[in-house]
Amino acid sequence: MRFERSLSISNLRRKPVRTAALVLLTAFLSFAVFGGSLLVCGLRNGLSSYRSRLGADIVVIPNSARSKGTLDSILLQGIPGYFYMDSSVLDKVREIEGVEAAAPQFYLASASAGCCSVAVQIIGFDPDSDFSIQPWIRENYSGDISDGDIIVGSNITVPANRILSFYNTDCHIAAQLASTGSGLDNAVYANMNTIRQMMSNAKELGFDYFDSVPENKAISSVMIKVMDGYDIDSVTNDINIHIRRVEATRSQNMISGIANGLSKVSSVIGVLIAFIWILAVGILMIAANMIFNERVKEFAILRVVGISQKKLCSLVSQESLIISLAGAAAGIGAAALAVFPFGTAIRHSLDLPYLMPDAVTVTVIMCAAVLLAVVSGQMTSRISISKITSQETGILLRDGA
Amino acid sequence: MRVIAQGISKDYFRQRRDSNVFTALFPTDMTVSEGEIAAVMGRSGSGKSTLLNILAGLLSPTAGKVTYDDADIFAMSDDERSVFRNKHIGVIPQVHTGLHSLNVRQNIMLPYDMYGEKCPDERIDELLEKLGLMTLADVYPDELSGGEMRRLSIARALVRRPDVILADEPTGDLDGDNTRIAMELLAQAAGNGACVLFVTHDDEAAAYAHKVYRMSQGRIE
């Protein structure tokens, strides 16, 4: 084995152009597999994170929401928006059979005027009834969210004094959340009293977002948890039938558009990876064949001196292994440089939630990319060398002369 | 060690007007004993290289068998035959046979390195000296002339002091002086008990043989 290893290293060193070309080809394969898989995983992660943070079975919003910005554009794309309905909807929803819990949410778009530190989406919740926002805030922040406190998304710049002002309401930043890869990263969260204060101040400042709804009775949406044993679609239909001027939507349906988009992008990337893999393996196969045909005499000499077919295969395998590992390292390194720093750019360009996979997943993908490069290299070299070893050395000597 | 060929022949499948089979070697018997030098002479295409490759176990015969003492070389597995060739047979092929990734010294050491054995330095130096390659020991084959490459092949075939030496045109690229040196090395090996068989067109080289076979159209005359 030591002989095969040292000879394979010498062979690779003495033919630097040939070696570099093969390493480059393998790097291309690993780049596609690692980068593509990372991208698909990031998108799936983003959707999963988004789905878990929606946290409700049904979402009720006013009919008018369609003209003022839909819920998913507020939550997913981070486009500031608002819509309101009377808080009496909440009581009506709670009377519907099968509703286990119902919690109001409040959406307020901060202004880019001087009264607001930054133009963002503000999301308010009722600490007593909320079941969809507080659980995941608790993953990052275990303290109280008192009146005047806000929790900010990962994309919000936290000033040194930790104070942000919205409609002249000074708020203290109690915590900053981890990235979700969605528009939620651009949002600010406050309890009901804090956001009501902001809404009231907004009205005083002349921002009339509330139409005919009194600002102290305005809510934006109702998040509903359905009791076990009840069909979510039936409860959704009941709400739409019995409560006027609102639209109840199953939350799964809300993200079905994103899921479909993600599924399409994932499929395209999957097909692309498969195509590149087939292309790279094909090119590797042709290259290995051409190179081995050029090396027929070299292999024949080794056979004349007494190398066995097994040892010859082992020599070629070692060369292929070194090339595969070098190529995989280069390809994975290049893909990491291309994907890791540009997560935000990827999210914006695909218009889908994107969240970088954790270290364990990245390691698994990396190992898979290395394995694929090694297997592809071994496969092509074994096939090519078997064509050589299937011929008698006397014939190889004659043909290689 | 004695090499015995019994009824060995070789047919190739080749598209021809009258037949698809081309017989490169008709059934042939041959014995080369310890300490004996045998030369095979004949025109190009007469089957000399085919005969030599069969004797070396590099080409399987269509019929017949080759034994080294009592060991049938074609009854061995590939692993066994490869090790046997490495330990007992020194082959000098007709083609130039320097491995381009190894320098001259490493090329000569190859039969030892291949199976993890240590090559005695004095043996390499002796061959480098005798074959005039000492100053080229660290040079790679790309920089060698045809004659230098031929001498490298001879050194590599002799380095293990094999029991059998099979050489295809060993003096093909050599001038008079080097032909003499190469043939004296083969004669010295035979003097030490090796059996030597070589293919040649060169009368000067053939003069070193105890026995000369003449081949024509696949038959020994």
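Owing to the predicted nature of the structure, the values given are computational and were not obtained by experimental measurement. Chain letters run A, B, ... following the sequence lines, proteins first, then strands; residues in each count from 1.
Neither the backbone nor the side chain of B:R160 comes within contact range of chain A; no heavy atoms are under 4.5 Å apart. With a 4.5 Å cut-off on non-hydrogen atoms, B:I54 does not touch chain A at all. Residue B:F84 does not touch chain A at all, counting heavy-atom pairs closer than 4.5 Å.
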Worked verdict on A:R18 versus A:M290 for side-chain contact (heavy atoms from CB on, under 4.5 Å): CA-CA 11 Å; A:R18 184 175 78 191; A:M290 285 168 62; over 6 Å; no

So A:R13 and B:S101, side chain to side chain donor-acceptor pair (under 3.5 Å) or not? Walk me through it. CA-CA 8 Å; A:R13 275 196 186 145; B:S101 56; over 6 Å; no

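Annotation: maximal heavy-atom pairing with chain B below 4.5 Å, among A:L302, A:I9, A:L7, occurs at A:L302. Comparing B:P111, B:S60, B:G57, B:S49 by how many heavy-atom pairs each has under 4.5 Å with chain A, the most go to B:S60. For the set B:L59, B:N86, B:D78, the entry with the most heavy-atom pairs within less than 4.5 Å of chain A is B:D78. The residue among B:N53, B:V91, B:L99 with the most heavy atom pairs within less than 4.5 Å of chain A is B:L99.
B:D72 and B:T67 form no side-chain donor-acceptor contact under 3.5 Å, judged by distance and modelled atom types alone.
You'll find the side chain of A:Q391 stays beyond 4.5 Å of the side chain of A:V296, heavy atoms only. Put simply, the side chain of A:F299 reaches to within 4.5 Å of the side chain of A:I385, judged on heavy atoms.
Using a 30° and 60° split on the angle between ring planes, A:F34 and A:F340 fall in the perpendicular class, above 60°.
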